[in-house]
Novice: 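Encoded as structure tokens, here's the structure I'll be asking about.
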Number of protein chains: 2
Amino acid sequence: MAPTAAPTKLQLVQSNSLPALVQVEIEQLILCGELAAGERINESDLAMRFGTSRGPVREALRGLEESRLVRSEKNRGVFVREVSVAEADEIYDVREALDQLIGQRLAERATPQQLCELDAILEEMDRATAVQDVNSYHALNLRFHDMLVDFAGNARLTESYRLLTKGLLLFRLRGLQDGGGFPVSNTEHKAVMAAIAARDGARAGRLLRQHAAASRARMHKAAASRTRK
Amino acid sequence: MAPTAAPTKLQLVQSNSLPALVQVEIEQLILCGELAAGERINESDLAMRFGTSRGPVREALRGLEESRLVRSEKNRGVFVREVSVAEADEIYDVREALDQLIGQRLAERATPQQLCELDAILEEMDRATAVQDVNSYHALNLRFHDMLVDFAGNARLTESYRLLTKGLLLFRLRGLQDGGGFPVSNTEHKAVMAAIAARDGARAGRLLRQHAAASRARMHKAAASRTRK
DNA sequence: AAACTATTTATTGTCGACAATCAGCAATTG
DNA sequence: CAATTGCTGATTGTCGACAATAAATAGTTT
């Protein structure tokens, strides 16, 4: 009998190759800000840190370059990408289109079980809002949108979306955290959820797109107030 | 004085690293079908072919894995990806959303010069249709859509779109070339162009999305008739 | 003293070699 | 005779070493 639904830890470790492991590790380093945007990455240092040789590290960096988290200059090294406001704007343009699709598909396909999970997150976000816990809210917000795209049931859509939002995450790290308008954000989430629960695909799509647009506007506002200072 | 707009061939060769060169080379091999879908890729063979060692080849393959053109199994090698009809369907779902955005932005931003270039391609496609030259039409069609997304003026959008369509290309290689309905396809192109020339973003977006949907439908039809045989 | 040049040093790019692992075949055993 | 077990050849995974390049430093000249 074949082991059907048993994701053993052993199997995961054995299936994932070392460069792949190193890649997610470096990705974490970048996303958590330990490797700052614009910074140059030293291959030898990373290799030492992970206890490998430079080969796997180079392979991992090549993968990260393809996912646009780093850029590489010949004979000079690879650098953590920095995304400008203009680039973030471009990303948002695409994201809005994808978010609309996500809302649409969610309304068609999301199971009641999944809707419950989403509602649970929303409640947690309300609690975080009440205590003004920005960090928790930010993390929950990320998880919420990740679940949304997952539950939309289109693997390629998930891929594209994740790639895009990683770039956005890199931008947010530069300081401006969503313009601070996070109580508003959650009311928008609830409106989207209502449309999904009502199985109104068109409305859900429209609302989720508007939510992304609002988020973009908050970013602009924060960026503007920042450059003014 | 700095060389402003002179993309010397020398500079390109020197700026692009060897693994990057190898990567596009392998990509061509895959996209032109010399490396068939599902086939296993031998690192040593490729290294010999390009006159390098296995290191750069491995890095290139890691990049291609990130762009989903190959998949990698630990200790077994990397394989050219094969995309099923279901996956192609997923891709089309996303592509439709992006095409709508492309049409919208094109109507807003395309310069008269660019519109001329596009029209020129359309004429060529008409000529290819008249002579029933499927291959030429296919190539022109690819160029046309590539130019569309380029002229939309959003680098991230271009990236996402290209990534998606590469996957689709991989699927088309498996035999079914767009269901043969290519005279229809070009009339759709012309309708889109008319909307863009009229600077009607909403209509251009809607029409380009419908064009993608029609293309998807043609794929389904071809796939159905194929499995029936 | 400033500017240009030579040298040194650190880091990347590439390679060949060795170890680990897997697919296929042969031999053995019940 | 079927099935399991143990080889064998080939291929991948990883490493350390060397060459090539770029940044930093020191030295020289005007």
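Letters go in sequence order (proteins before strands), and every chain restarts at 1.
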Novice: Side chains of A:Q104 and A:Q100: donor-acceptor distance under 3.5 Å anywhere?
Specialist: no
Novice: Nearest whole angstrom, please: distance from the P of D:dG13 to the CD of B:E65.
Specialist: 10 Å
Novice: Look at the side chain of B:E43 and decide which nucleotide, out of D:dT14, D:dT12, C:dA23, has an atom nearest to it.
Specialist: D:dT12
Novice: Just the rounded figure in Å: distance from P of C:dT11 to NZ of A:K74.
Specialist: 19 Å
Novice: Closest heavy-atom contact between B:N154 and A:V94?
Specialist: ND2-CG2, 4.1 Å
Novice: Could you check how far CD of A:E73 sits from P of C:dT12, rounded to whole Å?
Specialist: 12 Å
Novice: Considering every strand and a 4.0 Å limit on heavy-atom distances, what is the contact class for B:L61: base, sugar-phosphate, or nothing?
Specialist: nothing
Novice: Rounded off to whole Å, could you give me the CG-to-C1' distance for the A:D45 and C:dA10 pair?
Specialist: 11 Å
Novice: Round to a whole Å and report the spacing from CG of B:N75 to P of D:dG9.
Specialist: 20 Å
Novice: Would you mind reading off the distance between B:L18 atom CG and D:dA20 atom C1', rounded to a whole angstrom?
Specialist: 13 Å
Novice: From D:dC15, C:dT12, C:dC15, pick the nucleotide closest to the side chain of A:T52?
Specialist: D:dC15
Novice: Mind calculating the distance between CZ (A:F50) and C1' (D:dT14) to the nearest angstrom?
Specialist: 16 Å
Novice: Among D:dG16, C:dT14, C:dT11, which nucleotide has an atom closest to any side-chain atom of A:S53?
Specialist: D:dG16
Novice: Can you tell me the distance, in whole Å, between the CD atom of A:E59 and the P atom of D:dC15?
Specialist: 11 Å
Novice: Quick one: is B:R76 getting a side-chain N or O under 4.0 Å of the D:dT11 phosphate, OP1 or OP2?
Specialist: no
Novice: From C:dT12, D:dA23, D:dT14, pick the nucleotide closest to the side chain of A:R40?
Specialist: C:dT12
Novice: With side-chain hydrogen bond (donor to acceptor under 3.5 Å, both in side chains) as the criterion, how do A:Q113 and A:E117 come out once you've worked through the C-alpha distance, each side chain's angles and the decisive distance to 0.1 Å?
Specialist: CA-CA 7 Å; A:Q113 157 82 29; A:E117 287 186 52; 3.3 Å; yes
Novice: Please tell me whether A:H145 and A:D99 have a donor and an acceptor in their side chains that are separated by less than 3.5 angstrom.
Specialist: no
Novice: Is it the case that C:dG13 (base atoms only) and A:R54 (side chain only) share a donor and an acceptor within less than 3.5 Å, ignoring hydrogens and angles?
Specialist: yes
Novice: Would you indicate whether the side-chain heavy atoms of A:N141 and A:H189 approach each other to under 4.5 Å?
Specialist: yes
Novice: Where the side chain of A:N42 is defined as all heavy atoms beyond and including C-beta, which of C:dT11, C:dC22, D:dC15 is the nearest nucleotide?
Specialist: C:dT11
